[in-house]
Structures are given as C-alpha cells and as structure tokens.
Protein chains: 2
Amino acid sequence: MARATVQDVAKTAGVSVGTVSRVLNKSPAVSESSKEKVTAAIRQLNYRPLASARDLRRDRTMRILALAKNLNSPIISEAFRGVGDAAASSGYVSLIAPTAGDPEREQQLVDMLRNGSVDGLIMFSPTMPDEDVDEMAEQLSVVQVCEIADSEAAFGVSIDDRQAAFDITTHLIETGGRRLAMIGNRAARSGRLREEGFRQAAAEAGISPDQTLFVEGEFDFHTGRRLTRKLLKAAPLPDAVFCGSDTVAAGCVREITDAGLRVPDDIAVAGFDDSVQAEMCVPELTTIRQPAYDMGRLAFEELLARMTVPGVHRRGRTFLPHELVIRDSTKN
Amino acid sequence: MARATVQDVAKTAGVSVGTVSRVLNKSPAVSESSKEKVTAAIRQLNYRPLASARDLRRDRTMRILALAKNLNSPIISEAFRGVGDAAASSGYVSLIAPTAGDPEREQQLVDMLRNGSVDGLIMFSPTMPDEDVDEMAEQLSVVQVCEIADSEAAFGVSIDDRQAAFDITTHLIETGGRRLAMIGNRAARSGRLREEGFRQAAAEAGISPDQTLFVEGEFDFHTGRRLTRKLLKAAPLPDAVFCGSDTVAAGCVREITDAGLRVPDDIAVAGFDDSVQAEMCVPELTTIRQPAYDMGRLAFEELLARMTVPGVHRRGRTFLPHELVIRDSTKN
DNA sequence: CTGTTAGCGCCTTCAC
DNA sequence: GTGAAGGCGCTAACAG
C-alpha cells in the first residue's frame with residue numbers, strides 16, 4: 001500500500017488538510033473533536049509526515065551532522081554524546097559520519113550542509129586545510145570541537161592544548177624527568193599546540209632543546225609502539241615520555257616493558273585524554289582529562305545560536321578546563 | 001544573500017529550468033553550449049540543488065542510517081566502515097547514530113526511515129524487542145548486522161556466534177581447561193548464542209554443568225573486572241575463562257593479575273572480536289576474529305537490494321566465517 | 001475554529 | 001535540443 005499523505009488523513013478524518021496540519025504541528029487552534037478524528041485517522045492509516053516535503057516547506061530539517069576522521073576515538077564518542085544530548089533537548093536529531101581522512105568523502109559530507117540535508121555541522125577533525133574551514137565558517141553553521149583551525153575566524157570549543165601539554169610536561173619534570181621525549185602529531189593543530197606546550201615546559205625548566213627527543217605519527221597503538229622503538233635507540237635513553245594520546249601511551253608503555261625496562265622507574269610515561277585506555281594500561285597512565293561531554297554540549301549550544309540567529313557570529317574559541325590526572329605511569 | 005535556485009541559474013545562463021535540471025542530472029540531451037552556460041552560472045551563483053526539494057520530487061534520499069548502542073565498539077566502527085565504502089560506491093551517503101540503549105531515542109531514529117529522511121536502515125544493536133524488529137523488517141528497508149533477532153523473519157549478516165563460542169571454548173578445554181567460566185551478556189542475542197556454544201562445548205567434552213561458572217553484564221572493562229572478582233571468589237577457582245568481548249577479557253586478565261595469579265598458567269582467558277584491545281592486553285588475547293568490514297559491506301548490499309527491489313526479499317541470515325586467533329592468554 | 005489555496009525547489013513528461 | 005507546466009507533500013496565510 002502506498003504511503004498516506006495529509007490528503008488521505010484529511011479525507012479519512014472528514015476534515016481539511018489545514019486541520020490535519022494544525023494537529024500535526026500542535027497548533028492550539030483546533031477543536032477537541034477535530035483533534036480526535038485526525039489522531040484516529042493518522043493511526044488508522046499509519047501516517048507519518050514526509051520529511052522532505054516538510055523540510056522543503058519549512059526550510060529546515062532539525063537535523064545536524066558531526067564529522068570526524070574516525071568514530072572509535074573515546075574523546076570524540078564522548079563529545080558526540082554531549083552533542084546528542086544537547087541536540088535532543090532542543091528537538092534536533094544528531095548524526096555522525098566518519099571521513100576516514102578522505103578529502104573527497106569529507107567534501108561530500110560537508111555538501112550535506114550546503115544542500116540543506118542538515119541544518120548545521122560539527123567538525124571534530126577536519127581533513128581540509130584551515131583556510132577552507134574558515135571560509136565555511138564565514139557563511140555556514142559550523143562549529144569546531146577539539147581541533148580548532150588556527151586563524152582569525154577561529155571558533156569552537158576545546159581545551160587549552162598548549163597549556164595542558166605544558167602542565168603534564170611540567171609534572172614529568174617535577175618528578176625527575178630530564179631527558180624528555182614526546183610522541184606527537186604535527187598533522188593536527190592540537191598536536192602542534194601540545195608540542196609547543198611540551199617545548200615551553202622544557203625550556204622554562206632549563207632543559208635545552210637538544211636534550212629533548214621528538215617523534216611523530218598517527219595516534220594509534222601500533223604507531224605508539226613503532227615510535228617508541230625509535231626513542232629506545234637514543235643514547236642516552238629518555239627518562240620521560242609525553243604521549244599525545246592514551247592509546248599511543250599504551251603502546252609506548254608496552255614497548256618499554258617488552259624491552260625489559262620499567263615504567264615509571266626507568267622511563268616515565270604520560271598520556272592524554274583520560275580515556276578508558278589510561279586505566280586499562282599497566283601501570284595506569286598519568287594523563288590529561290578532557291571534559292569531552294561538556295565540550296560537546298557547549299558546541300551544540302554554539303551551533304544552535306548560529307543556526308537560529310542569522311548573520312555571522314564570531315564568538316571565538318571557548319576553552320574548557322582540563323585536569324591533570326596522576327596515576328602510576330609517572331613517579332611521584 | 002539568499003540561496004540560488006534552478007530559476008536563478010536558468011535566468012543567469014539564459015536557458016530554461018528544464019535545461020538546468022538536465023545538466024544537473026547529466027542528461028545527454030543537452031547541447032555543449034547550453035551545458036557550458038549552465039555550468040558557468042552554477043559556479044557563479046554557487047548553486048547547489050536543495051536536497052529536500054530533490055528528495056521530495058524523486059521520492060528517495062540516497063542516504064542510509066546505521067543505528068548502534070554506542071559508537072566506540074571496534075567491531076561496529078569497523079563494520080560501519082564496510083557499510084560506508086559499499087554505500088559510497090553505490091552513490092549513497094551513510095550516517096550513523098548512537099541510541100545509547102534508549103528506546104525513545106532509538107524510536108526517533110527509526111522514524112527517520114519511516115518519514116523518509118533516509119532510504120534504509122542498518123541495525124547493529126537494537127534496543128527494541130525482537131518482535132518489533134521483525135515487524136519493521138516486514139515493511140521497511142532494514143538489515144541487521146552482528147545482532148540478529150531470533151525469529152522466522154530473521155535476516156541480516158553476522159558470524160555464527162554459537163559456533164564461534166563453541167570453537168574457542170573447545171580450544172580452552174583442549175589446552176587443559178576443566179573448571180570453565182564464562183563472562184557473558186544475556187541481554188544481547190549474540191550473548192545468548194555464545195553462552196549456548198560455551199555450554200555445548202563443555203557438555204561435549206564431558207564437563208558437567210555444575211563444574212562451570214557463568215556471570216554476566218555489560219561488555220566493558222570495568223564490568224569485566226567486577227565480574228571477574230566474583231569468579232575469583234569461587235572454590236575451586238576456574239582455570240579457564242571465556243569472555244564475550246576483548247574489552248571484558250582485558251578487565252578479566254587485569255583482575256586475575258592483580259590478584260597475584262598468572263595468565264594463562266593459573267587461569268587461561270579468551271576474548272572475542274579480535275579488536276585492538278586483544279593486542280593491547282598483556283598477555284595478548286586468544287580471541288575470535290570477526291570479519292567486521294566484510295559484514296558491513298555485505299549488509300549494505302543486502303540493504304541496497306531491499307531498497308531498490310521492494311517486495312521480493314530473501315529472508316534469512318548470512319553467516320560469515322570467523323577465525324580462532326590463538327595468542328598468549330591461553331596455554332598451548 | 002476550519003477550509004481553501006499558494007507556493008517551497010525540483011524533476012519530468014509533453015509539446016515543439 | 002529546448003521550454004512550459006504540473007505536481008511531489010506539506011505548511012501557513014487568508015478568508016470565512
């Protein structure tokens with residue numbers, strides 16, 4: 001059987017389409033008896049308003065889309081939970097799609113905003129260059145979370161990555177670290193900020209740059225292992241490693257342990273994110289807690305403002321406080 | 001500036017809307033010169049066809065939606081990668097949304113199929129009862145992956161969970177396990193099937209049911225630890241534990257190790273999924289590999305058939321082969 | 001309170 | 001190869 005329309009409902013209920021529409025949209029100007037008839041007809045015909053027709057007419061979809069390189073990052077999934085809850089309480093449906101770091105797929109997804117498939121976009125880890133993100137932000141309802149492009153028009157929600165890296169590196173130094181190493185990721189803006197924080201902390205502690213090691217790559221377990229093997233070839237060995245993510249830190253700890261060295265006694269290791277990985281690791285990881293859920297909530301609120309209030313907003317960045325979580329992978 | 005429409009493009013290009021539409025849809029019946037003019041106008045006006053108008057007219061969206069309890073399950077994110085690749089090569093955009101196990105939110109998302117916001121639905125971990133899934137499947141384009149409802153109308157793609165559990169339990173027995181334990185999850189159909197396989201393997205090996213232990217809960221790290229503490233209170237202790245997921249197994253190993261016992265010498269532990277957790281664990285986990293990516297691809301192909309050829313549907317499940325991966329958490 | 005009607009932007013026959 | 005026109009299903013403005 002073909003899908004029912006307002007027309008069908010109107011006919012079955014013995015009223016006009018206008019009345020049906022009013023019932024559908026909870027207009028108060030409907031008599032109780034009409035409402036009942038319409039409701040009954042709707043149920044009888046199993047009617048649902050067609051989204052595309054409604055969207056076309058209303059010029060909005062009440063849907064938003066979030067984009068991320070991949071979905072299984074604990075921070076992203078937690079932040080997206082915040083987005084989802086905030087969105088739901090404003091009547092929006094939130095969807096997410098992975099870009100896999102593929103510019104073409106990212107473009108296709110961004111087009112969903114341009115062509116009105118969704119009302120707003122949240123970007124977690126853009127693949128496109130900063131300028132492109134900025135240009136989008138000028139004209140469209142887009143908010144960045146975690147990763148924020150480095151420019152005048154920058155806007156979005158994140159922690160202060162530089163400061164967080166500074167804090168945890170300082171902790172590494174205060175607990176005896178002298179030959180510092182970092183496993184970072186220059187491909188991401190947050191990665192570059194964390195590197196800055198790392199270097200600044202070293203400098204302020206009077207540790208000369210040539211006493212520090214830096215290696216970089218993707219933030220996954222195997223890369224963490226591989227990069228740590230590089231670090232372990234250094235002489236003298238580092239005595240403290242700051243990793244850009246807990247997962248990388250887990251790989252780092254594993255490689256150090258497999259090499260017969262002890263964490264933190266021989267080499268201290270710090271992570272980042274305070275994901276469940278930090279607790280799964282042995283020893284458990286000292287790390288930086290990101291308030292991911294709240295970042296997501298806030299990001300949606302900002303997006304909502306952009307979607308509903310026409311004109312270009314430039315609220316700048318919102319920094320949420322991070323927290324140093326000290327566990328057993330560093331000395332104390 | 002307001003958004004451009006086909007009308008605007010037609011006017012700017014000096015042609016009719018029909019011609020613009022033909023260019024947009026790559027109709028061959030357009031002269032080269034018209035095409036160029038239209039293309040130029042489109043670029044000049046930065047025009048994009050409005051999705052809702054096009055969807056309304058065409059009665060389809062070329063979008064599909066996947067639903068899962070949460071996004072950070074390695075199996076789900078890998079399977080969704082498969083869905084996404086298959087979808088992309090058929091011109092579909094695939095989105096995903098977490099239900100958080102909330103029936104209301106799940107319903108809202110399912111409504112996106114009912115109201116035509118998307119053309120098809122892939123369900124990873126339904127929260128609704130099996131009957132409801134079946135009823136949906138009768139009338140709508142829905143395919144299940146991993147978790148498949150237990151009924152006549154069952155359809156979808158998964159591994160043979162019962163057989164996989166049987167295989168890995170048998171491995172546990174063959175390597176000396178006699179006092180068997182399982183950490184399962186009866187809330188999920190796959191969990192119940194794995195329990196069956198576990199019990200069947202024990203029975204066939206002549207191990208009486210009262211020599212086996214069974215505890216259950218959610219499949220996360222902390223639950224794994226908590227349930228393992230329960231197991232460790234048994235006397236005599238189990239000598240082999242089959243866990244329903246790698247993450248749970250990681251928690252199990254951790255708790256055993258913290259109790260001063262050795263894995264696998266004192267207690268062997270097996271996981272499920274062959275996710276990265278299996279390799280992060282020390283010792284690395286013996287587990288069952290699920291061909292998640294291929295499951296996703298196949299699921300999309302089946303969904304595509306359902307979306308394009310309404311009516312005739314092959315009912316039934318598609319089982320993909322699993323693989324026993326032996327590592328160090330079990331004896332050999 | 002209710003019915004009628006005019007589009008929203010697009011695609012697609014149908015003439016030419 | 002091209003233009004004109006109808007209509008997809010819905011909402012909202014306007015009469016009554």
Side-chain angles (χ1 to χ4, degrees), chain A residues 1-39 41-42 45-63 91 111-119, chain B residues 1-39 41-42 45-63 91 111-119:
Chain A
M1 93 204 167
R3 137 173 239 118
T5 72
V6 265
Q7 311 283 349
D8 303 324
V9 175
K11 194 178 301 176
T12 306
V15 299
S16 74
V17 295
T19 300
V20 175
S21 179
R22 278 183 278 263
V23 172
L24 250 23
N25 297 292
K26 305 193 198 314
S27 158
V30 184
S31 74
E32 201 55 40
S33 80
S34 289
K35 192 154 90 180
E36 280 167 21
K37 283 188 290 187
V38 170
T39 309
I42 286 175
L45 299 175
N46 192 25
Y47 168 78
R48 314 271 168 146
L50 189 69
S52 54
R54 171 176 276 188
D55 293 347
L56 172 60
R57 188 52 228 242
R58 291 189 170 162
D59 198 28
R60 64 192 172 135
T61 65
M62 298 305 278
R63 270 173 267 145
D111 272 346
M112 289 187 63
L113 177 58
R114 293 205 144 95
N115 71 22
S117 290
V118 296
D119 295 340
Chain B
M1 92 202 164
R3 125 173 250 123
T5 72
V6 264
Q7 312 282 350
D8 302 324
V9 176
K11 194 177 301 177
T12 306
V15 298
S16 75
V17 294
T19 299
V20 174
S21 181
R22 278 182 277 264
V23 172
L24 249 23
N25 297 291
K26 306 192 198 312
S27 157
V30 183
S31 73
E32 200 55 41
S33 80
S34 289
K35 193 153 89 178
E36 278 168 21
K37 282 189 290 185
V38 171
T39 308
I42 287 174
L45 299 174
N46 192 24
Y47 167 77
R48 313 273 167 143
L50 189 69
S52 53
R54 170 177 277 190
D55 293 347
L56 172 60
R57 189 49 230 248
R58 291 189 169 163
D59 198 26
R60 65 188 172 138
T61 64
M62 298 304 279
R63 271 172 266 148
D111 273 345
M112 288 187 64
L113 178 58
R114 292 205 144 95
N115 72 21
S117 290
V118 295
D119 296 339

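To find a chain, count down the sequence lines: A is the first, B the second, and so on, and within it residues start at 1. Given the structure is predicted, the values throughout are model-derived calculations rather than measurements.
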Distance in angstrom units between [X] [atom1] and [N] [atom2], rounded:
{"X": "A/Arg57", "N": "D/dC8", "atom1": "CZ", "atom2": "C1'", "answer": "14 Å"}
{"X": "B/Leu50", "N": "D/dC10", "atom1": "CG", "atom2": "P", "answer": "17 Å"}
{"X": "A/Lys35", "N": "C/dT2", "atom1": "NZ", "atom2": "P", "answer": "11 Å"}
{"X": "B/Gln7", "N": "C/dC10", "atom1": "CD", "atom2": "C1'", "answer": "9 Å"}
{"X": "B/Met62", "N": "C/dC10", "atom1": "CE", "atom2": "P", "answer": "18 Å"}
{"X": "B/Leu56", "N": "C/dG7", "atom1": "CG", "atom2": "P", "answer": "17 Å"}
{"X": "B/Leu24", "N": "C/dT12", "atom1": "CG", "atom2": "P", "answer": "11 Å"}
{"X": "A/Lys37", "N": "C/dG3", "atom1": "NZ", "atom2": "C1'", "answer": "13 Å"}

Distance-only donor-acceptor check, side chains B/Asp119 and B/Thr61, under 3.5 Å:
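Distance-only check passes for B/Asp119 and B/Thr61.
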
Other residues, nucleotides and ligands only: do more than 12 of their heavy atoms fall within 6.0 Å of CG on A/Asp59?
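No.
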
Under 4.0 Å from OP1 or OP2 of [N]: is there any side-chain N or O of [X] that close?
{"X": "B/Thr19", "N": "D/dG3", "value": "yes"}
{"X": "B/Ser52", "N": "C/dG9", "value": "no"}
{"X": "B/Thr5", "N": "C/dG9", "value": "no"}

Closest to side chain of [X], choosing from [options]:
{"X": "B/Arg54", "options": "D/dG9, C/dC10, D/dT2", "result": "C/dC10"}
{"X": "B/Val17", "options": "C/dG9, D/dC10, D/dA5", "result": "D/dA5"}
{"X": "B/Ser16", "options": "D/dT2, C/dC8, D/dC8", "result": "D/dT2"}
{"X": "B/Ser34", "options": "D/dT2, C/dC10, D/dG9", "result": "D/dT2"}
{"X": "B/Ala29", "options": "C/dC11, D/dG9, D/dT2", "result": "D/dT2"}

Do B/Thr39 side-chain atoms and B/Lys35 backbone N/O form a donor-acceptor pair below 3.5 Å?
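Side chain of B/Thr39 to backbone of B/Lys35: a pair is present.
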
Taking the nucleotide of DNA chain D with the nearest heavy atom to each, does A/Asn25 or B/Arg22 sit closer to the 5' end?
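On the 5' side of the pair lies B/Arg22.
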
For the pair B/Ser27 and B/Asn25, evaluate side-chain hydrogen bond (donor to acceptor under 3.5 Å, both in side chains) and give the outcome as yes or no after the intermediate values.
CA-CA 6 Å; B/Ser27 157; B/Asn25 297 291; over 6 Å; no

Contact summary for A/Leu24 and A/Pro49, nearest pair of heavy atoms:
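Heavy atoms of A/Leu24 and A/Pro49 come nearest at CG-CG, 4.0 Å.
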
